Amino acid sequence: MNGILYFSATGNSLQIAKAVQGRFGGKIIYIPKYQGNVSEFDRIFIVTPIYSYGMPVHVYDLLPRLDKSKEIIVLQNYGGMAAGADYLLYQYAKKQGLNIKSVYKLKMPENFTLTFTVPKFYLNKALKTSQKRINKILDMIENKKYILPKKQKTREQKYLTNKSNWHLIGRDFKANENCVKCQKCISVCPVGNISLVDGKIVFGDKCVACLGCYHRCPQKAIEYKGRKKKFRYINPNIDESEIGKDI
Ligand SMILES: Cc1cc2nc3c(=O)[nH]c(=O)nc-3n(C[C@H](O)[C@H](O)[C@H](O)COP(=O)(O)O)c2cc1C
């Protein structure tokens, strides 16, 4: 059976993981909850967003513990600029001795929107064409057209610096007066960084900057640095309640 391991905050990676499952079968597994080393699967897919030209913390932490004998196919997705994120992941995985068969990257809607708003036109275009791009990659996998990233300039230093600072971003979030204490932010946070203390939503210092709380708050009550922005994003091609679940 295929193991389809994914990380997703706003559903883009889940859309891709579901398409992989639809084409090749297998079990979809949410990386933050997964304790295994994939030895129970025949083939591994890793579906992940690109963060800061690199990997989310959970994917970075997952790779060193994976079974080295398994074939791994990686599907990275990004909002605007992937730079050398595929090469960076490939190099890092090779250092761990992993058997990376192929690394694909594809554009999906941007969710790092703390400081700007994606114009509706671009968002809709990215969404409308997303399934086509996903299918193209699935065809490549089916036809064994594997891609290993060629040596290219990565932004490794920038990635590592940002990665080491992500936990600090929690300090810049606040639940404003629109918060109804539904505690959804608490349940979607992949690291348990949010809690209800004395009737108030409180952010700790374990944030991994996925922005799940920010985008998925039903009241749009989570603010970043006091900015009154209205734009939030959840991929409409999936059932939001499935983000974070094994399927
Ligand atoms: C912390 C963070 C960093 C990001 N860095 C990049 C980046 O370097 N390049 C890029 O094109 N998109 C970047 N993005 C956008 C996501 O990669 C993209 O929107 C992805 O499809 C989101 O996947 P998800 O919906 O499964 O969470 C970033 C998003 C976050 C939250």
Side-chain angles (χ1 to χ4, degrees), residues 4-20 28-32 45-60 74-89 103-119 122-127 129-131 133-134 137 152-170 172-173 188-191 193 206-216 222 224-225 229 231-245 247:
I4 307 163
L5 279 71
Y6 79 105
F7 181 71
S8 187
T10 56
N12 292 343
S13 307
L14 181 58
Q15 181 188 344
I16 300 166
K18 290 196 101 169
V20 171
I28 294 181
I29 293 172
Y30 183 55
I31 292 171
F45 293 88
I46 294 177
V47 186
T48 172
I50 285 171
Y51 280 6
S52 198
Y53 316 118
M55 295 153 263
V57 171
H58 286 97
V59 175
Y60 192 87
V74 181
L75 291 91
Q76 290 179 306
N77 66 98
Y78 62 97
M81 203 169 118
D86 49 347
Y87 186 66
L88 192 151
L89 181 145
V103 183
Y104 304 98
K105 54 181 181 185
L106 76 150
K107 189 174 154 37
M108 293 294 280
E110 175 67 65
N111 75 349
F112 196 80
T113 56
L114 296 174
T115 53
F116 69 99
T117 299
V118 182
Y122 287 113
L123 185 76
N124 290 339
K125 195 171 167 213
L127 274 171
T129 50
S130 60
Q131 199 56 48
R133 280 191 299 279
I134 296 169
I137 289 177
Q152 56 187 300
K153 221 172 144 187
T154 65
R155 303 199 180 187
E156 188 173 1
Q157 202 42 54
K158 186 170 172 54
Y159 166 66
L160 291 173
T161 306
N162 285 350
K163 179 177 163 290
S164 67
N165 287 328
W166 277 331
H167 65 287
L168 300 173
I169 206 176
D172 296 325
F173 288 116
V188 303
C189 179
V191 284
N193 192 46
K206 293 186 289 189
C207 186
V208 286
C210 72
L211 310 189
C213 59
Y214 178 78
H215 287 291
R216 294 172 65 192
I222 296 183
Y224 172 71
K225 289 192 172 174
K229 282 175 53 53
F231 180 83
R232 300 290 189 276
Y233 171 74
I234 298 169
N235 183 309
N237 297 330
I238 48 103
D239 173 355
E240 190 225 328
S241 69
E242 289 191 331
I243 304 174
K245 292 204 172 126
I247 303 163

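In what follows, every heavy atom counts, from backbone to side chain, and hydrogens, waters and symmetry copies are set aside. Predicted model, so just to flag it, every value in this text is computed and none were measured. All ligand and atom numbering here is 1-based and tracks the order in the structure.
Shown here are the ring-ring contact (aromatic ring centres under 6.0 Å, His included) partners of H58, two or more places apart in sequence or in another chain: F7. Residues satisfying the salt bridge (charged side-chain N to carboxylate O under 4.0 Å, His left out) test with K105, not counting sequence neighbours, are D86. Qualifying ring-ring contact (aromatic ring centres under 6.0 Å, His included) partners for Y60, counting only residues two or more places apart in sequence or in other chains: Y92.
Between Y233 and H215, the angle of the ring planes goes over 60°, which puts this pair in the perpendicular group of the 30/60° scheme.
The residues lining ligand 1, counting any heavy atom closer than 4.0 Å, are S8, A9, T10, G11, N12, S13, P49, I50, Y51, S52, Y53, N77, Y78, G79, G80, M81, M108, P109, E110, N111, F112, A209, C210, L211.
Using modelled atom types, one finds a donor on one side chain and an acceptor on the other under 3.5 Å when comparing T117 with K229.
Listed for the D172 side chain is no donor-acceptor partner under 3.5 Å among the backbone atoms of K225.
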